[in-house]
S.K.: 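The structure's right below; bear with me while I get my questions together.
Both counts, for ligands and for their atoms, begin at 1 and track the order of listing. Atoms considered below: every heavy atom in the structure, side chains included; atoms not considered: hydrogens, waters and symmetry mates.
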Amino acid sequence: MPLLRRRRIKIILAAVCIAATFCSCSFGGRGSENAEKADFFAMDTYMSVTAYGESAQKAAELAKDEVQRLDKLWSVTDENSEIFAVNGGGEVSVSGETAQLISFMLEMAKRTGGALEPTLYPVVKAWGFTGGENRVPSGEEIQELLKNVGYEKVTVSGNNVTLPSGVMLDTGAVGKGYASDKAAEILKENGVDSALIDLGGNIVMIGRKPDGKEWKIGVRDPEGNGVVGVISASDCAIVTSGVYERNFTAADGTVYGHIIDPKSGAPVDNDILSVTIIASEGRLCDALSTALFVMGKDGAIEHWRTHKDFEMIMLCKDGQAYVTEGIKDRFEADEKHKGMKINVITG
Ligand code: ADP
Ligand code: MG
């Protein structure tokens, strides 16, 4: 089955998961509330913006327009995008939001010791994760490509971005999170104080549900269908990275996921199945979910202890969950996963 189709089916399943989790939240719980849902496809995934209140319809449409506009700026494959222009090498003048996205990716690359590596594009492409067919590149090919990888090779000065020839940016790990924050800004500017933004699993909640209760967000079971549990939250962002999101099975049966370890140039294969990050901003959640997945369980716990500006739920190959102390009371295991051991990570 072509990769894209397989991925879309997975995304639909994920969406169904979230929808199932949400079936208890009535649209327009206060009776007089309008609920408006804008569904669309952008950044290679299905997205939706659900807004409540009198200005919901206009606001949801504007938020959708904004995400689609950013997709056009940040697509790595669209020849008319700003990222495509930047990837051509040399000094390129870009829009303020593109300069901000790149600066943020560089900041997060530094913070995570290069676990988030914005210049991995040539390697991601060689594995066939962006366009083309999936394949297993040779060790030699990877070593050659890794010579052009390294966030310190990128310079941002004002709105000018400079890349040496052969160095290429990939916005895949942060673009959706960044766009979800922009969508939230637009909704708020347009008078919305209750909304749920879901950009391919990058969730941002504005306020609470219209009935005043918290939102319930499912954490997908990385090894099966359905959810392992539900997070109750409001006014924050939640993003998950996992092997199940996008992967392929090679001829020898090995399953390769789309998150690459920048040190080896190969898909991550460590003790984690999925990492869910909860924080105030979608961009931080998106960057960290990818980076902490790369770091592995111990590295992720250490990163939390150093920064503590986010909460996380890690599902690991040992069958256990590792949950930071600030979120433990908001995470409830699903009926089928009541036996799962939940370890609380403390400072
Ligand atoms: P998704 O975008 O599917 O929700 P992520 O946010 O974890 O998942 O981003 C994964 C994408 O980021 C990959 O498809 C690839 O384009 C890119 N990528 C893979 N590994 C890394 C990495 N170590 N650092 C930065 N970007 C990466
Ligand atoms: Mg990410």
S.K.: Are any of the side-chain nitrogens in E325 or K308 under 4.0 Å away from the carboxylate oxygens of its partner?
M.R.: no

S.K.: If you measure from the Lys or Arg side-chain nitrogens to the Asp or Glu carboxylate oxygens, is any gap between K317 and D271 under 4.0 Å?
M.R.: no

S.K.: P262: heavy atom below 4.0 Å from ligand 1, yes or no?
M.R.: yes

S.K.: If we only count N/O pairs under 3.5 Å, is A115 in contact with ligand 1?
M.R.: yes

S.K.: Is the Mg ion (ligand 2) less than 2.8 Å from an N/O/S atom of K176, whether that atom is in the backbone or a side chain?
M.R.: no

S.K.: Is there at least one pair of N or O atoms, one from G172 and one from ligand 1, spaced under 3.5 Å apart?
M.R.: yes

S.K.: Salt bridge check, K176 against D71: does any charged N sit closer than 4.0 Å to a carboxylate O?
M.R.: no

S.K.: When V204 is tested against each of C285, S180, S280, C236 for side-chain contact (heavy atoms from CB on, under 4.5 Å), which residue passes?
M.R.: S180

S.K.: Hey, are K188 and N190 close enough side-chain-wise for a donor-acceptor pair under 3.5 Å?
M.R.: no

S.K.: Judging by distance only, is a nitrogen or oxygen of T130 under 3.5 angstrom from one on ligand 1?
M.R.: no

S.K.: What atoms of ligand 1 come within less than 4.0 Å of a heavy atom belonging to V294?
M.R.: 23 (N)

S.K.: Going by heavy-atom distance to atom 1 (P) of ligand 1, choose the closest among K125, M105, K176.
M.R.: K176

S.K.: At the Mg ion (ligand 2), what is the angle formed between atom OD1 of D286 and atom OG1 of T290, rounded to the nearest 10°?
M.R.: 180°

S.K.: Consider side-chain contact (heavy atoms from CB on, under 4.5 Å). Of D261, I272, N270, which one does V294 pass it with?
M.R.: D261

S.K.: Would you kindly specify which portion of L116 sits under 4.0 Å from ligand 1, judged on non-hydrogen atoms: side chain, backbone, both or neither?
M.R.: both

S.K.: May I ask you to say whether D198 pairs ionically with K37, meaning some side-chain N is under 4.0 Å from a carboxylate O?
M.R.: no

S.K.: Is D170 in polar range of ligand 1, meaning some N or O pair under 3.5 Å apart?
M.R.: yes

S.K.: Tell me the contacting part of I259 for ligand 1: side chain, backbone, both, or neither, using a 4.0 Å heavy-atom threshold, strictly below.
M.R.: both

S.K.: Looking only at distance, does R246 have an N or O less than 3.5 Å from an N or O of ligand 1?
M.R.: no

S.K.: Do E36 and K58 meet the salt-bridge criterion of a basic N to acidic O distance under 4.0 Å?
M.R.: no

S.K.: Between S241 and ligand 1, does any nitrogen or oxygen pair lie at a separation below 3.5 Å?
M.R.: yes

S.K.: Is E214 salt-bridged to R330, going by a charged N under 4.0 Å from an acidic O?
M.R.: yes

S.K.: Do T290 and ligand 1 have an N or O pair less than 3.5 Å apart?
M.R.: yes

